[in-house]
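What follows is a set of notes on a single structure, which appears directly below.
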There are 2 protein chains.
Amino acid sequence: MPKRQVTLDEVAERAGVSRSAASRVINNAPHVSRAKREAVQRAVDALGYVPNATARALATQQAGSVVLAISGEDPALFADPFFAEVVVGISSVLEETDLELVLSLATSRRGQARLEQLLRTRQADGVMLMSLHENDPLAALAQQADVPVVFGGRPRDFEPSYYVDADNRGGARAATEHLIAGGRTRIATITGRLDEGAGTARYQGFQDALAIAGLEASRVAHGEFAEDGGAKAMGELLSRWPDLDGVFVASDQMAVGAMRVLREAGKSVPEDVGVVGFNDISGARHTVPPLTTVHQPIQALGREMARMLLALLAGEQPSPLILPTRLVVRASG
Amino acid sequence: MPKRQVTLDEVAERAGVSRSAASRVINNAPHVSRAKREAVQRAVDALGYVPNATARALATQQAGSVVLAISGEDPALFADPFFAEVVVGISSVLEETDLELVLSLATSRRGQARLEQLLRTRQADGVMLMSLHENDPLAALAQQADVPVVFGGRPRDFEPSYYVDADNRGGARAATEHLIAGGRTRIATITGRLDEGAGTARYQGFQDALAIAGLEASRVAHGEFAEDGGAKAMGELLSRWPDLDGVFVASDQMAVGAMRVLREAGKSVPEDVGVVGFNDISGARHTVPPLTTVHQPIQALGREMARMLLALLAGEQPSPLILPTRLVVRASG
DNA sequence: ATGAAAGCGCTAACAA
DNA sequence: TTGTTAGCGCTTTCAT
């Protein structure tokens, strides 16, 4: 059934040259006469030859692929549109190369084990790792793996050699400063997961801004990243500090929930309470009122991760990258 | 630098057995004595042996991977959270196997060419293909490829042997019938792209419902899938049929735009005009008013695609699958 | 510039 | 139940 594939030998024979000559032509290496070169070329076209990537990988000891690994206990994590965008970015630069993109959602124990193997056996030429949580076993593995690893985002508990991250802290600070600039003084925050780099960075940014302004940064509630988490956290905030007049929410999803609770509590946004989110999800411009939020260049994040990995594969030593975020002012804050 | 990997030979030597015996143990094939089996096992553990997937692939002629290919001219297409969900589904079943998932966004000419190669050279054991548009060259290739191909969604212009699709037509019909049940009689639709299977199926479902009810189905505007497309289409609809009292919109994204225009035109939803969308995106429950829409089981779609491919790889001949959709009634319609 | 030959690490047919 | 042997298709010295 497997229509036998055209091999290099067949090409060589047809072209009347040795296999090594043919091989040289295919990889356009030097030391082949013009005449042979063309003969081989013709044979390739005639036969429809396509090199067998597996055989090549075995011979060269290069897999010809890189993997994007998303760690985390919940498989559904990847459903966050965030990753889709990252993938688009990565994919756009990989498309210029001959590398395949392998996607590894290392979520179950089994998945983790596979990723582990992969790291140890060079089954991929490089790895992009995202969304590690605290004490993720993958971190150690990645560090001592003998393939290049690029981190997307910084893990909370250590600083990898190669990473690209968004300026979460700066973005959060800008968001909070915007609230302050609006004359608000009793500002709260709903944080994201604090066992992740992004979550803590945003929390720090919030603190930075308040510290600089000499305001109190004690109004804090911890939310899970989803909408209901935001709603719940807003409820807590409101019951402890009924007079708050601004809130920086670490994700737009949570901000949506928070605004709902605010509305239900009879507070109007932004008159009574200003709200600023983070991420600039597509829905942010259609909440009522439209959500002021922090935009991060997600596709660029993916692109830069891929570029960095490519640089590493080329033997270079790229510097870590922090991509700027940008405050998008809409009506809510 | 490449820490030389542990080979099967080393394991065999250490265990004091032949390489083939070792191989048999690894693949737990029969014809090995208990004693040897254990010896090999010990050696494997001691040495930390992990088989080289590439070599194995070359020897067995099985790639050990399947690809998810998304066709389309726009790379950003994949940014639609829809795909992320599909990936989660696929990934969850693949995680139980030893297959890797290769992601191929065949968007540029170059990307298409690579996918083509891949199909021709069995560099993957199977392919899942999504979002083909009309006259997509990939269709032909996929059909005659010598690897199993499962389609996600049905292309408009032909019926593949193996596919899993959501019941777009039935969902659209249910949506429209809901509008009818609300007593509306001048119902319009904003279609999606009609060169895709999903777009036409939804349009047909709309027509089905009106035909059965004996209502006129002439109020039609074509939109692109994004929000602005929906807004523009709604504008057209309103200018041609100012008295319309209901509209089925082929995607939630477009529905958001449509509702905006409706509001701007002074029409209230759902009092003056009922609106029903499609997809049940996460934002749908937070539009004002909350959007009535059709939910499709996206993760399940991914799961079933993967399962079907697995079945194919196992030599079975699975039947095509159509997954049910479900109307989610909220306030807008 | 050219070709012969020796692998890359594994599997599988065959003989013992 | 064993081990020997011949590949899988390509790259890459190393002579010529």
Side-chain angles (χ1 to χ4, degrees), chain A residues 1-40 43-44 47-65 98 117-118 120-123 125, chain B residues 1-40 43-44 47-65 98 117-118 120-125 146:
Chain A
M1 164 154 306
K3 227 183 315 178
R4 238 184 70 59
Q5 86 162 89
V6 181
T7 73
L8 188 49
D9 297 79
E10 286 161 36
V11 171
E13 173 166 326
R14 166 112 180 198
V17 306
S18 71
R19 182 165 21 126
S20 27
S23 173
R24 289 189 185 107
V25 173
I26 301 297
N27 303 300
N28 46 54
H31 306 305
V32 193
S33 69
R34 211 183 131 76
K36 281 204 194 316
R37 217 171 205 109
E38 285 168 354
V40 171
V44 165
L47 266 30
Y49 170 76
V50 180
N52 179 317
T54 307
R56 180 177 284 179
L58 184 58
T60 60
Q61 300 288 64
Q62 303 212 319
S65 65
D98 280 312
Q117 281 210 173
L118 204 148
R120 299 191 40 227
T121 62
R122 280 186 157 289
Q123 272 167 62
D125 297 322
Chain B
M1 164 154 305
K3 227 183 317 178
R4 237 185 69 60
Q5 87 161 86
V6 180
T7 74
L8 187 51
D9 297 79
E10 286 161 36
V11 171
E13 172 167 326
R14 165 110 179 200
V17 306
S18 71
R19 180 162 25 114
S20 32
S23 173
R24 288 188 187 108
V25 173
I26 301 297
N27 302 299
N28 46 55
H31 307 304
V32 193
S33 69
R34 213 183 129 77
K36 281 204 193 316
R37 212 169 210 112
E38 286 168 354
V40 171
V44 165
L47 266 31
Y49 170 76
V50 179
N52 178 317
T54 306
R56 179 178 285 178
L58 184 57
T60 60
Q61 301 286 63
Q62 303 211 319
S65 64
D98 279 313
Q117 282 210 169
L118 205 148
R120 299 191 39 228
T121 61
R122 278 187 157 290
Q123 271 168 63
D125 297 321
D146 51 351

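Only a predicted model underlies this, so the values are computations on that prediction, with no experimental measurement involved. Values below: all heavy atoms of this structure, side chains included; hydrogens, waters and symmetry mates excluded. Letters A, B, ... are given to chains in the order of the sequence lines, protein chains preceding strands, and every chain is numbered from 1.
Atom P of nucleotide dG9(D) and atom CG of Asn27(A) are separated by 17 Å, given to the nearest angstrom. To the nearest angstrom, P of dG9(D) lies 13 Å from CD of Gln123(B). Note: CZ (Arg19(B)) to P (dT2(D)) measures 17 Å, nearest angstrom. Atom P of nucleotide dG7(D) and atom CG of Asn52(A) are separated by 18 Å, given to the nearest angstrom. Note: CZ (Arg37(B)) to C1' (dT2(D)) measures 13 Å, nearest angstrom. Remark: C1' of dG3(D) and CG of Asp9(B) are 13 Å apart, rounded to the nearest angstrom. To the nearest angstrom, P of dG9(C) lies 15 Å from CD1 of Ile26(B). In this structure, Leu58(A) atom CG and dC10(C) atom P are separated by 9 Å, rounded to whole Å.
The residue Pro30(A) sits apart from the nucleic acid: no heavy atom pair falls under 4.0 Å.
The side chain of Ser20(B) places no N or O atom within less than 4.0 Å of a non-bridging phosphate oxygen (OP1 or OP2) of dG3(D). Contact check, Thr60(B) against dT11(C): no side-chain N or O comes under 4.0 Å of OP1 or OP2. One finds no side-chain N or O of Gln62(B) lying less than 4.0 angstrom from the OP1 or OP2 phosphate oxygen of dT11(C). Checking the phosphate oxygens (OP1, OP2) of dA12(C), no side-chain nitrogen or oxygen of Gln61(B) falls inside 4.0 Å.
Glu38(A) and Arg34(A) are joined by a salt bridge, as a carboxylate oxygen and a charged side-chain nitrogen come within less than 4.0 angstrom of each other.
Between Ala59(B) and Ser33(B), the residue whose closest nucleotide on DNA chain D is further toward the 5' end is Ser33(B). Checking Arg24(B) against Ala55(B), the closest nucleotide of DNA chain C that is more toward the 5' end is the one next to Ala55(B).
A donor-acceptor pair under 3.5 Å is formed between the side chain of Arg122(B) and the backbone N or O of Asp146(B). Proximity of a side-chain donor or acceptor of Asn27(A) to a complementary backbone N or O of Ser23(A) within less than 3.5 Å is detected.
Of the candidates dG3(C), dT2(D), dG9(D), dT2(D) carries the atom nearest the Lys36(B) side chain, counting heavy atoms from C-beta on.
Contact of the Asn28(B) side chain with the Arg37(B) side chain is registered, since non-hydrogen atoms from C-beta on lie closer than 4.5 Å. Looking at Ile26(A) and Arg56(A), their side chains come closer than 4.5 Å, going by heavy atoms from C-beta outward.
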